Amino acid sequence: MKKKEHIVKTVKPGMKVLDMCTGSGCIIISILHNVEGVKGYAVDISKQAVNVAKENAKLNEVPVLFERSDLFEMVTEKFDVIVSNPPYIPTDVIPQLMPEVQVFEPIEALDGKEDGLYFYRKIVEQSKDYLNSGGSLMFEIGYDQGKDVSELLKNEGYEEIEIKKDLAGLDRVVMGRYNKE
C-alpha cells in the first residue's frame with residue numbers, strides 16, 4: 001500500500017492522533033498501518049459505529065482506543081493531530097443521493113445540517129482545546145467545501161491551511177496547523 005504523502009508529512013512516530021467521527025475506523029486504521037509508533041484514539045457518537053470500528057481495528061491488528069462520544073464530550077487528552085470525516089452532506093441533498101447510500105448509511109453519518117458545514121464549525125471551534133501547540137487538524141470534505149472549510153480554519157486562527165485533491169482532481173482534504181500563543 002502506498003503511503004499517503006500528506007499523512008506521512010503530518011503524522012510521525014511518537015505522535016498521538018484522534019479520529020473524530022470515526023465511523024468504520026478506516027482513517028485511524030490506515031494511519032496506524034502507514035506510520036509506526038503512533039498512538040491512535042477514535043470517537044463516534046454511534047455505539048454501532050464504534051463497535052464496527054473496534055472489529056475493523058482487530059481484523060487489521062492495530063491498537064486503537066475507541067470511545068463513544070458526542071464530538072469532544074468524552075475526550076480528555078491533547079493530540080498532535082486530529083483527523084475527521086464528519087457528516088457533511090446538506091440535509092436537502094440527502095434524498096438525492098444514490099439509493100445504496102440512502103439505504104445503507106445511517107442518516108447521522110451523512111447529515112451535515114442545512115449547509116453541510118455544521119460539524120466542521122463545531123470541531124474547528126472546539127479542537128484548539130484538544131490540540132498540542134503546533135498540532136494539525138485534517139478534514140475529509142465534500143468536493144465543493146474546500147473554500148468554506150478553509151475559511152472556518154482561518155477564522156479560528158489556524159495557519160498553513162492547505163487543500164488536497166483526490167485522484168479525480170477534486171478537493172478532498174483540508175488541513176491546518178494551530179500554534180498556541
Side-chain angles (χ1 to χ4, degrees), residues 3-47 49-58 60-88 108-109 112 117-141 145-146 149-164 172-181:
K3 293 183 179 185
K4 302 291 185 199
E5 183 178 318
H6 58 275
I7 290 176
V8 172
K9 287 182 177 179
T10 304
V11 179
K12 298 183 179 4
M15 287 186 162
K16 287 175 39 178
V17 178
L18 172 66
D19 184 3
M20 176 67 57
C21 306
T22 195
S24 67
C26 63
I27 295 175
I28 193 68
I29 291 167
S30 295
I31 290 170
L32 294 176
H33 263 295
N34 283 290
V35 185
E36 293 181 23
V38 172
K39 292 182 180 176
Y41 300 80
V43 297
D44 200 290
I45 193 169
S46 166
K47 181 178 180 180
V50 169
N51 288 338
V52 167
K54 283 180 181 179
E55 184 63 28
N56 287 337
K58 183 178 175 184
N60 286 279
E61 300 176 347
V62 293
V64 181
L65 179 62
F66 291 97
E67 181 81 43
R68 185 167 179 241
S69 181
D70 185 357
L71 298 180
F72 291 98
E73 174 187 41
M74 302 301 291
V75 177
T76 59
E77 298 187 44
K78 292 193 182 247
F79 299 89
D80 301 296
V81 178
I82 298 174
V83 296
S84 183
N85 180 12
Y88 59 76
E108 64 266 12
L117 300 173
Y118 175 83
F119 291 100
Y120 295 111
R121 282 187 197 93
K122 301 284 274 184
I123 293 168
V124 169
E125 288 170 5
Q126 297 173 25
S127 62
K128 297 181 291 186
D129 294 334
Y130 299 93
L131 276 172
N132 292 322
S133 185
S136 295
L137 178 58
M138 302 173 71
F139 286 115
E140 181 171 336
I141 59 166
Q145 295 174 319
V149 175
S150 293
E151 279 297 310
L152 293 173
L153 288 167
K154 181 180 174 187
N155 292 341
E156 287 293 329
Y158 281 81
E159 302 169 340
E160 301 175 43
I161 299 165
E162 296 180 58
I163 301 173
K164 301 289 187 179
R172 185 55 57 200
V173 173
V174 174
M175 54 193 294
R177 187 172 311 280
Y178 186 70
N179 292 304
K180 295 181 182 177
E181 314 210 39

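These numbers were taken from a predicted model, which means no experiment stands behind them.
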Minimum heavy-atom separation for [X] and [Y], please, with both atom names.
{"X": "Tyr130", "Y": "Glu77", "answer": "CD2-O, 3.5 Å"}
{"X": "Ser46", "Y": "Arg68", "answer": "C-NE, 4.1 Å"}
{"X": "Ala53", "Y": "Thr22", "answer": "CB-CG2, 4.3 Å"}
{"X": "Val64", "Y": "Ala57", "answer": "CG2-CB, 4.3 Å"}
{"X": "Tyr178", "Y": "Gly157", "answer": "CD1-O, 3.9 Å"}
{"X": "Lys78", "Y": "Asp129", "answer": "NZ-O, 3.2 Å"}

Q. Does Asp70 use its side chain to pair, donor to acceptor, with the backbone of Ile45 at less than 3.5 Å?
A.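 No, because the side chain of Asp70 does not come within donor-acceptor range (under 3.5 Å) of the backbone of Ile45.
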Would you give the length of the straight line joining atom [atom1] of [X] to atom [atom2] of [Y], rounded to the nearest 0.5 angstrom?
{"X": "Asn56", "Y": "Ile29", "atom1": "CG", "atom2": "CD1", "answer": "5.0 Å"}
{"X": "Leu153", "Y": "Ile161", "atom1": "CG", "atom2": "CD1", "answer": "5.0 Å"}
{"X": "Ser24", "Y": "Asn85", "atom1": "OG", "atom2": "CG", "answer": "9.0 Å"}
{"X": "Thr76", "Y": "Glu67", "atom1": "OG1", "atom2": "CD", "answer": "8.5 Å"}
{"X": "Met138", "Y": "Glu162", "atom1": "CE", "atom2": "CD", "answer": "9.0 Å"}
{"X": "Asn132", "Y": "Lys16", "atom1": "CG", "atom2": "NZ", "answer": "7.0 Å"}

Are any of the side-chain heavy atoms of [X] and [Y] separated by less than 4.5 Å?
{"X": "Cys21", "Y": "Ile123", "value": "yes"}
{"X": "Val43", "Y": "Met20", "value": "yes"}
{"X": "Leu18", "Y": "Ser84", "value": "no"}
{"X": "Phe72", "Y": "Ile82", "value": "yes"}
{"X": "Phe66", "Y": "Asp44", "value": "no"}
{"X": "Leu152", "Y": "Phe139", "value": "no"}
{"X": "Lys128", "Y": "Tyr158", "value": "yes"}
{"X": "Arg172", "Y": "Glu140", "value": "yes"}

Q. Checking side chain to side chain contact (heavy atoms under 4.5 Å, CB included) for the pair Ile163/Ser150: CA distance, chi angles, key distance, verdict?
A. CA-CA 8 Å; Ile163 301 173; Ser150 293; 3.5 Å; yes
Q.
Among residues at least two apart in sequence or on other chains, which ones pass side-chain hydrogen bond (donor to acceptor under 3.5 Å, both in side chains) with Glu73?
A. none
Q: With sequence neighbours left out, write down each residue that passes side-chain hydrogen bond (donor to acceptor under 3.5 Å, both in side chains) with Glu160, or none if nothing qualifies.
A: Arg177
Q.
Against Val17, only a single residue in Val35, Val11, Thr10 fulfils side chain to side chain contact (heavy atoms under 4.5 Å, CB included); can you say which?
A.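 Result: among Val35, Val11, Thr10, Val11 is the only option passing the side chain to side chain contact (heavy atoms under 4.5 Å, CB included) with Val17.
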